Amino acid sequence: MTLQPYPTTTVFDTVSELLAPLVGDLDLLGIRITPDTRFHDDLVLESIDLVTFSGILAEHFGPDVNLADYLTQKDLDEVIELRIGEIADYVADRLARRG
């Protein structure tokens with residue numbers, strides 16, 4: 001199966017926008033999300049927020065974008081250090097596999 005490339009920058013922008021319900025108004029908070037923004041340390045979001053965000057991603061992109069399943073492949077330190085760019089890369093990969 002040949003993977004169709006999916007524009008990662010478009011996915012990153014969408015993933016960043018989908019964070020708004022969890023983070024709040026980014027402009028008001030003075031937060032600029034970059035690929036290196038960490039879910040826990042920079043956005044001060046907790047593991048329950050990752051579960052919620054997983055549902056948001058699945059609702060927007062479809063059930064095959066399963067962040068919770070992706071996270072089960074990581075150890076605790078990797079989850080704590082999870083960056084928004086990693087999430088966007090995961091989503092782009094899932095979308096490319098969909099074709």
Side-chain angles (χ1 to χ4, degrees):
M1 173 168 118
T2 303
L3 296 181
Q4 298 295 327
Y6 205 88
T8 305
T9 54
T10 302
V11 172
F12 175 79
D13 292 342
T14 303
V15 166
S16 297
E17 290 170 15
L18 292 173
L19 278 168
L22 297 176
V23 179
D25 187 335
L26 298 173
D27 292 330
L28 183 64
L29 296 172
I31 297 173
R32 181 173 174 268
I33 295 180
T34 70
D36 289 327
T37 301
R38 292 171 295 183
F39 199 86
H40 176 72
D41 290 345
D42 297 325
L43 299 178
V44 194
L45 296 171
E46 301 295 330
S47 58
I48 190 68
D49 297 312
L50 275 171
V51 173
T52 302
F53 194 51
S54 178
I56 291 169
L57 290 174
E59 186 176 309
H60 185 84
F61 292 108
D64 57 322
V65 176
N66 186 337
L67 183 62
D69 184 52
Y70 171 72
L71 294 175
T72 63
Q73 302 168 29
K74 299 193 169 293
D75 66 33
L76 181 59
D77 289 335
E78 290 173 317
V79 172
I80 290 171
E81 290 297 316
L82 187 66
R83 297 174 190 282
I84 304 306
E86 291 176 75
I87 296 172
D89 289 346
Y90 163 73
V91 172
D93 180 65
R94 296 305 301 161
L95 296 174
R97 290 179 186 279
R98 183 185 299 163

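Please read these numbers as outputs of a predicted model, since none were measured by experiment.
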- Shortest non-hydrogen separation from Asp36 to Asp42 and the atoms involved: O-OD2, 3.8 Å
- Query: Hey, what do you get for OG1 (Thr14) to CG (Leu95), rounding to the nearest 0.5 Å?
  - Reply: 9.5 Å
- Note on the structure: Value for OG1 (Thr34) from CZ (Phe12), rounded to nearest 0.5 Å, stands at 6.0 Å
- Message: Measuring from atom CZ of Phe53 to atom CG of Leu18, what distance do you get when rounded to the nearest 0.5 angstrom?
- Response: 5.5 Å
- Query: Transitively linked via ILVMFWY side-chain contacts under 4.5 Å: Val79 with Leu67?
  - Reply: yes
- Could you grab the distance from atom CG of Leu71 to atom CG of Leu50, nearest 0.5 Å is fine? 5.5 Å
- Query: Are any non-hydrogen side-chain atoms of Glu81 and Asp41 less than 4.5 angstrom apart?
  - Reply: yes
- Task: Could you walk me through whether Leu76 and Ile80 pass side-chain contact (heavy atoms from CB on, under 4.5 Å), step by step?
- Result: CA-CA 6 Å; Leu76 181 59; Ile80 290 171; 3.9 Å; yes
- Item | Heavy-atom pair with the smallest gap, counting every atom of Ser16 and Ile84 | OG-CG2, 4.4 Å
- Message: For the CG atom of Leu22 and the CG atom of Leu43, what is their distance to the nearest 0.5 Å?
- Response: 9.0 Å
- Message: Contact between Asn66 and Phe61 at the side-chain level, heavy atoms closer than 4.5 Å - yes or no?
- Response: no
- Item | Minimum-distance pair of heavy atoms, taken over all atoms of Arg98 and Asp64 | NH2-OD1, 2.7 Å
- Any pair with a residue in residues 67-77 that passes side chain to side chain donor-acceptor pair (under 3.5 Å), sequence neighbours left out, goes on the list, sorted by first then second residue, please. Tyr70-Lys74
- Message: Suppose the criterion is side chain to side chain donor-acceptor pair (under 3.5 Å): which pairs have a residue in residues 45-54, not counting sequence neighbours?
- Response: none
- Message: Quick check for you: to the nearest 0.5 Å, what is the distance between Phe39 atom CZ and Ile33 atom CD1?
- Response: 9.5 Å
- Task: Using the side-chain contact (heavy atoms from CB on, under 4.5 Å) rule, take Val65 and His60 through it: C-alpha gap first, then chi angles, then the decisive distance, then the call.
- Result: CA-CA 9 Å; Val65 176; His60 185 84; over 6 Å; no
- Message: Applying salt bridge (Lys or Arg N to Asp or Glu O under 4.0 Å), can you list everything that pairs with Glu59, at least two apart in sequence or on another chain?
- Response: none
